[in-house]
Each structure stands twice: as C-alpha cells, then as structure tokens.
Amino acid sequence: MKVLILKSAELATEAASREILSLVEAKPDCTLGLATGGTMEPVYAALRQGAGAISFAGVRSFNLDEYVGLAPDHAQSYHRYMAEQLFDHIDIRPENTHVPRGDAASPNTEARLFDEAIAAAGGIDLQLLGLGANGHIGFNEPFSSLGSRTRVKTLTRKTREDNARLFAEGEEVPTYAITMGVGTIMEARRILLVATGAHKACAVAAMIEGPVSAACPASVLQFHPQATILLDEGAASALKMRDYYDFVHPNGQDVDLG
Ligand code: F6R
C-alpha cells in the first residue's frame, strides 16, 4: 500500500483528481471505477475543471453501487449524483457510463450482469474508492465476504444513519444496495482510495495497519499490488507508523526511485 498523507482534504482530493486525469491522458480509452459520497464531491469538482483540456470521450466507467428501489431520476440515486457531479459536465458518452439500476426488476440479475459487463469491458484500470467510517468499501459492510462478487447487500444501521443527511426529512434511507463485491473491487488493476476527516481515522488505521479481516473490509486492500491511499491529516491521525509514511512520502509526494 502506498500511503500518501497530505496537509489538507483539499490537497488530498486534488491529488486524486490529478491521478485520474493523468490516466485518462495516458490511456484515453481507459475504464474507470467510480465512487459516490461526500469525499468524492471535491474530487469531481477538480475533475470537472481539469476535464476542459482532457477528453473523456473514449472513457468507460462503472460505479460501485446504487440503492435498491431508487430509479435513476430519484434525487438521492447515485445515477443522479453522478450526472450532477460529473457526467453532465464532461464529454463522456452516456452509453459508456454504468451505474447499477436500483429499480431493476431483479436486483440479483442486475448485479450478475454488472459483473459480466465489467469483464466484457476488459476489467477496470483504476478504481476510485471512499471509505466508510465502519471500514466498508462500496457497500460491503463489515463481515462481507472478502471474495464477494457484485450482489445485493443489506446496509447497516450505521451506514443508513450516516447517509440519512442526504435524504429528505422523513424519507427512509433504503435498506438494500447493489454493490460491487470485494472480490470484484480487488480485480481492478489499480486502486485509489481517498479518506478525509478525523471521523475516518479509526477505519483508516484498521485498513492500513490492522489485521486483514472481514471486520474491516477495506483491510483486504493490503493484498492489492497497486493500492494508493490518499489521506488528510485528520484521517491519518490514528496511524501508528505515521512517521514512516511521512519519511517515505514527504508531504504526501510520490517518490519515484526508478
Ligand atoms: C459510495 C461508496 C461508499 C462511500 C463511503 C464514504 O459509492 O461506495 O463506500 O465511499 O460510504 O462515504 P463519504 O465519502 O460520504 O464519507
């Protein structure tokens, strides 16, 4: 794992968008795995700015997850989030973007077809990830199988509480989501996880320094050969080896020894 600690959330999210833009520049027909959530909003804001000079016309994308029961035009659907945050502002072709359909007649079939579509696209070059305060990636809640494929998951009360702020007052956060599986995520050729804020510090420490365990699904990234973790000071604040990460990557800079 490459652990890069930046001085602020702004610097961490800008670094994430730079990574994505440089991949799109180097490989215009790349396949991106995309995430939603509050952490990603500044990442997509920086991408919208940078995308002026770089075309996404050849890019394909697959999103991690969607709430079961929400149609694409629902205000809290991840379809809508992606349109508002990114897709409507760049030249990516709508037919090249893939977000699981929460309103599919059979969510299980939708999940299976989603994995097949990723495979048919030749796999994901770079998977962007956020981190749940309980250690989830995608909607793979604690004790998800570390080999799981895209499927329907029941959300924990904690995740539903965390996400309630995004729903209208009195509106229930859905109980189920379709999410890429942990095994599906691990097949991406590169992983870029962004976590910001002190409320993520315990999950970050468990992911990077804890034992690999389904108790913290993100800890499986310790097995990924090319996983980069971008953190701000708050998210890095519970790391035991903090000095070492700073020594290896001063100010969160990637040092290439050739
Ligand atoms: C969203 C997703 C989730 C979020 C995580 C963090 O597509 O897959 O794993 O990345 O819940 O969410 P925020 O950034 O809102 O704290």
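In listed order, ligands and their atoms are each counted from 1. Throughout, numbering of the chain's residues begins at 1 and tracks the sequence. All heavy atoms count here, side chains included; hydrogens, waters and symmetry mates do not.
Below 3.5 Å of separation, one finds no N or O of A35 facing any N or O of ligand 1. For a threshold of 3.5 Å applied to N or O pairs, the pair formed by H136 and ligand 1 contains at least one separation below that value.
Protein heavy atom nearest atom 1 (C) of ligand 1, with residue, atom name and distance: T36 OG1, 3.0 Å. Given atom 15 (O) of ligand 1, the protein heavy atom at minimum distance is G38 N, 2.8 Å. Looking only at protein heavy atoms, the nearest one to atom 6 (C) of ligand 1 is L131 O, 3.4 Å. Scanning the protein heavy atoms around atom 3 (C) of ligand 1, the nearest turns out to be G138 O, 3.5 Å.
Ring centers of Y67 and F139: under 6.0 Å apart, within the cut-off.
More than 12 heavy atoms of other residues, nucleotides or ligands lie within 6.0 Å of CD in E116, so this atom counts as buried by the packing criterion. Counting non-hydrogen atoms of other residues, nucleotides and ligands closer than 6.0 Å to OH of Y176 gives a total of 12 or fewer.
Atoms of ligand 1 lying under 4.0 Å from at least one heavy atom of L64, given by number and element, are 8 (O). Numbered from 1 in the order shown, with element, the atoms of ligand 1 that lie under 4.0 Å from a heavy atom of G130 read 10 (O). Close approach of ligand 1 to R165 (heavy-atom distance below 4.0 Å) involves ligand atoms 15 (O).
Of all non-hydrogen atoms in V24 and C30, the two that sit nearest each other are CG2-SG, 4.0 Å.
Between E172 and R160 the shortest side-chain heavy-atom distance falls below 4.5 Å. Counting only heavy atoms from C-beta outward, the side chains of H74 and R80 never approach each other to under 4.5 Å.
When non-hydrogen atoms are compared, ligand 1 lies under 4.0 Å from the side chain of K200 (C-beta onward) but not from its backbone. Proximity of D65 to ligand 1, defined as any heavy-atom pair under 4.0 Å, is confined to the side chain (atoms from C-beta onward). At a 4.0 Å heavy-atom cut-off, ligand 1 does not touch D162 at all. Contact annotation for T39 and ligand 1: heavy atoms of both the backbone and the side chain come within less than 4.0 Å of the ligand.
For S55 and D91, the side-chain atoms include at least one donor-acceptor pair closer than 3.5 Å.
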E141 vs R157, test: salt bridge (Lys or Arg N to Asp or Glu O under 4.0 Å). Steps then yes/no.
CA-CA 10 Å; E141 300 285 32; R157 185 179 307 184; over 6 Å; no
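Side-chain atoms of K153 never come within 3.5 Å of backbone atoms of T179 as a donor-acceptor pair (strictly under, hydrogens ignored).
Scanning G37, A195, A218 for the heavy atom closest to atom 12 (O) of ligand 1 points to G37.
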